[in-house]
Protein chains: 2
Amino acid sequence: MDGASRIHFGERQIEMAHGAGGKATRRLVDGLFVPLLFESTPECLGDAAHVQMDGVRLAMTTDSFVVTPLRFPGGSIGELAVNGTVNDLAVSGARAEAMVVTFVLEAGLPADVLEAEVRAMGQAARAAGVTIVGGDTKVVEHGKTDQMYITTSAVGRLLPGVTLGPRAVRPGDRILLSGPIGDHGITILLARGELDLEADLRSDTRSVLPLVEAIAKVAAADLRWMRDPTRGGVATSLNELALDCGLGICLSEERVPVRDEVRGACELLGLDPLHIANEGQFLVVVAPGSADRALEALRAAPGGAGAAMIGEVRQQPAACVLVETSYSGSRIVDMLVGDPLPRIC
Amino acid sequence: MDGASRIHFGERQIEMAHGAGGKATRRLVDGLFVPLLFESTPECLGDAAHVQMDGVRLAMTTDSFVVTPLRFPGGSIGELAVNGTVNDLAVSGARAEAMVVTFVLEAGLPADVLEAEVRAMGQAARAAGVTIVGGDTKVVEHGKTDQMYITTSAVGRLLPGVTLGPRAVRPGDRILLSGPIGDHGITILLARGELDLEADLRSDTRSVLPLVEAIAKVAAADLRWMRDPTRGGVATSLNELALDCGLGICLSEERVPVRDEVRGACELLGLDPLHIANEGQFLVVVAPGSADRALEALRAAPGGAGAAMIGEVRQQPAACVLVETSYSGSRIVDMLVGDPLPRIC
C-alpha cells in the first residue's frame, strides 16, 4: 500500500502559487505529499516534526531558500536560511542544536557572492547558538539555477514543559504577535526595483528563539500553539490553525501592528498586510490566565517591544479567521490565494 | 572571530568541477566552508556528522540532488535522493530513522513528473526503513531550475559496536568493495543520449544499509572506515582516506570488479572506472583478522554476490593511492580532477 489510492491532486502542472505557502501549497501537500510520503496522515503539518530516538524526543525541520535578490535591506539568503530553520524549530517549541546545509550553485557564480553568504550563515548560526555540522554542494550549468539555492535542516532539543498543537487550543485563548508584520515581504518587493516606490524599510529576519524562550519561561504550560507567519503571512497561518482546531480565530484589526510604509505599499498594490510574509515574527496562542504575563515577557525581551495581543479564539465562526475592523465591521480573511510576491524566502 | 582569517579559496568563480566531488570540491570545502561555517576544523569530513543530544549520539547528514535526466535505467532522482542519504548514514555506521525532504520545482513542471518522483521517494523510504517526517516546497520561475532539485536530510541511530574513522586505519588492513563500479555514472551518461553508444546497463542505486548491517554483524569491532564512492568514484574516496590517515592505499586492479560495458565506455571516453560515480556500492576497510569473515558475510547477503577484496593498506606510498596493474606495473591514481560527467546525482 503506497498511498496511491489517497492521492487527490488534480492539477496538471506546478504553478508559482504551489510554492507560495497558501491554498495551492496546501492542496499539493495534502493531495500528493501526504498520501505518498507519510505513512499515516500527520495530525497537523506544523513547522517541525518531533521524533523519538533512543528514548530522546527531538525536533527536526528543513527548508529550501530561493529568495531573490540574494541580498536585501536587513538580510540575505544565507542569513535567512539559518534563521528560517532556527525559527521553524523555535515555534515548534525547540532549540536548534545541529544544522546541515546544502548549496545548489550556478556555474560562473562569482566566488565573493558565495563567500558573503557562507559568512552570513556562519554568523547567523553562531548568533542563534546552532552548530553547523555538515553539508553538501552541487553545481549546475549557468542558468539552471538563479545564482544559488540553499537548503538547511536542523535537529533541536525540546524546551522543557512546552507542548504545542492545534488540538490544545480552546475558546477564550489569546493570540499574541511578536511585532509588526509585512516588513520582510515588502522589503523584498522593493529590493527588486520593479515598483517605482521607495521606503525606509528592512526585512525583519532574525532568530525568534530568544523571544520564544522568554515567553516559555513565564508561561510554558499555558502555551498552546506557535507559528512563524512566513509565506502566506499571518492570515494563512491563522487559517491553518482555524482549520486544524475547528474554532474561530478573531482578530482586532487595529491591534495588529503594521508599519506605515508596509500599509502604504499594500494599499498601492491591493495587498492585505495579513497576507505578507514575515521572517522574524511569530504568533502565539496562550491560555487566558497567562496572556498578560506572556505579553509582558515578550515586550521586555530584546526585540520584543512591538509585541501585541491581537485577538482571541472563539467557538464561532468555526474554522474561520474573522477580522474585526475599527469601524465595528468585520470580514472573513482567507488563506493566501495565488502568489502576489513570489520567491520571498 | 568568524574564521575569515583562515579562508584560503583563491578562485574567482564557481565552476562545474566544484560540485564534482574531487579536488576542486575539496578546495572549496576546505578553503571556504570549513573556515566560515565550522567552529573548529572537523578531523575529517565524512559522509555524516555524529552529534550528541541529551546523552544520545546520533548521526546526521544531508545531500542535494540535481541529476539529469530525472529518470534513468535502474532509478530516478526521487529514489536516488532517499537512498543517497540513507547510504551516507549507513557508511558512517548508522541506520537512517527520520528524514526530511525539500523540493525546488520549476513552474510549469507537469504534475505527473512530480508525482512519479514523490512516489519513488515513498517507496524507497519504506524499503530502506526510514520515516519521512516533514518537508518543504519552493517553486521558481520556469527555467530557474532544471525541472526539480530535491534535498534530503536524515538522522539515524548508530549501529552498536561500530566506530569508524580514518585514524583507526592501520597498515595491513584490507579493503573490501561491495560490487562492480561505474554502473551509475555510465548509465547516466548513456541516458543523456549524447554518445552514439548503447549498453545494457542500469544504475546500481539502492540502499546499502542491509549490506552494511550484514558486515557489522560479523565484524563490527574490526571495521575501520567505510565510504560510498559516489561523485569522484573509488579513486577519490580512497585518496581522501589516504590523505586523512597518511598511509598508502594499495589496490590490485584486476580484483576491482568492473562490468565489460563500463570498461568499454570508459576506454572510448578516456575515463578511468575508478573515477566514475556509484550509488549503490561502498568501500570498507577492515582489520586483517576479520577480512575473510566480512567478505563472506557481504557475499552471502542479498545483492552482495559481486563483493571483492580489492587491496590493502600499507605504510607506503604515504597518503597516496597505488594501483598495481595486471602486468606487474603500478600507477598512482589521484582524486578526480575536473568534472567529466556533471550532474550525476
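Labels below follow one simple rule: chain letters A, B, ... track the order of the sequence lines, proteins then strands, and each chain is numbered from 1.
Contact annotation for L105(B): only side-chain heavy atoms (C-beta onward) come within less than 4.5 Å of a heavy atom of chain A. Neither the backbone nor the side chain of T68(B) comes within contact range of chain A, judged by heavy atoms closer than 4.5 Å. Only the side chain of V104(A) comes within contact range of chain B, judged by heavy atoms closer than 4.5 Å. At a 4.5 Å heavy-atom cutoff, the contact between V101(A) and chain B is made by backbone and side-chain atoms alike. When heavy atoms are compared at a cutoff of 4.5 Å, S153(A) approaches chain B by way of both its backbone and its side chain. Contact of E106(A) with chain B is made through the backbone alone, with heavy-atom distances under 4.5 Å. Within the 4.5 angstrom heavy-atom criterion, only side-chain atoms of V51(B), from C-beta onward, approach chain A. Contact annotation for R12(B): only backbone heavy atoms (N, CA, C, O) come within less than 4.5 Å of a heavy atom of chain A.
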Applying side-chain contact (heavy atoms from CB on, under 4.5 Å), run through D136(A) and T151(B) and close with a yes or a no. CA-CA 10 Å; D136(A) 178 48; T151(B) 300; over 6 Å; no
Give the intermediate values and the outcome of side-chain contact (heavy atoms from CB on, under 4.5 Å) for residues T137(B) and F33(A). CA-CA 10 Å; T137(B) 308; F33(A) 293 150; 3.0 Å; yes
Carefully, step by step, assess Q13(A) and L109(B) under the rule side-chain contact (heavy atoms from CB on, under 4.5 Å). CA-CA 5 Å; Q13(A) 63 176 32; L109(B) 181 74; over 6 Å; no
Stepwise side-chain contact (heavy atoms from CB on, under 4.5 Å) check, L114(B) with L28(A): CA-CA 10 Å; L114(B) 176 60; L28(A) 175 62; 3.9 Å; yes
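Figure legend: cation-pi geometry between K138(B) and Y149(A) absent, as NZ or CZ is not positioned both under 6.0 Å from the six-membered ring centre and within 45° of its axis.
I14(A) contributes atom CD1, which lies 13.5 Å from atom NE2 of H142(B) (distance to the nearest 0.5 angstrom).
Evaluation of the side chain to side chain donor-acceptor pair (under 3.5 Å) rule for S92(A) yields H50(A) as partners, not counting sequence neighbours.
Options P110(B), G122(B), A98(B), G108(B) differ in how many heavy-atom pairs under 4.5 Å they form with chain A, and the most are formed by G108(B). For the set D54(B), T61(B), T145(B), D112(B), the entry with the most heavy-atom pairs within less than 4.5 Å of chain A is D54(B). Comparing G19(B), A107(B), G10(B), S64(B) by heavy-atom pairs within less than 4.5 Å of chain A, the highest count is held by S64(B). Ranked by non-hydrogen atom pairs under 4.5 Å with chain B, the options M121(A), E97(A), E11(A), M60(A) are led by M60(A). Taking M99(A), R157(A), E15(A), H18(A) one by one and counting their heavy-atom pairs under 4.5 Å with chain B, the maximum is reached by R157(A). Your options are V155(B), T25(B), D63(B), and the one with the most heavy-atom pairs under 4.5 Å with chain A is D63(B). Of the listed residues (V140(A), V56(A), L32(A)), the one with the most heavy-atom contacts under 4.5 Å to chain B is V140(A).
In plain terms, the two heavy atoms of R119(A) and L36(B) that are nearest each other are N-CD1, 3.9 Å. Taking every heavy atom of both residues into account, R343(B) and E141(A) meet most closely at NH1-OE1, 2.7 Å. Scanning both residues, F9(A) and A111(B), for their nearest heavy atoms gives CE2-CB, 3.9 Å.
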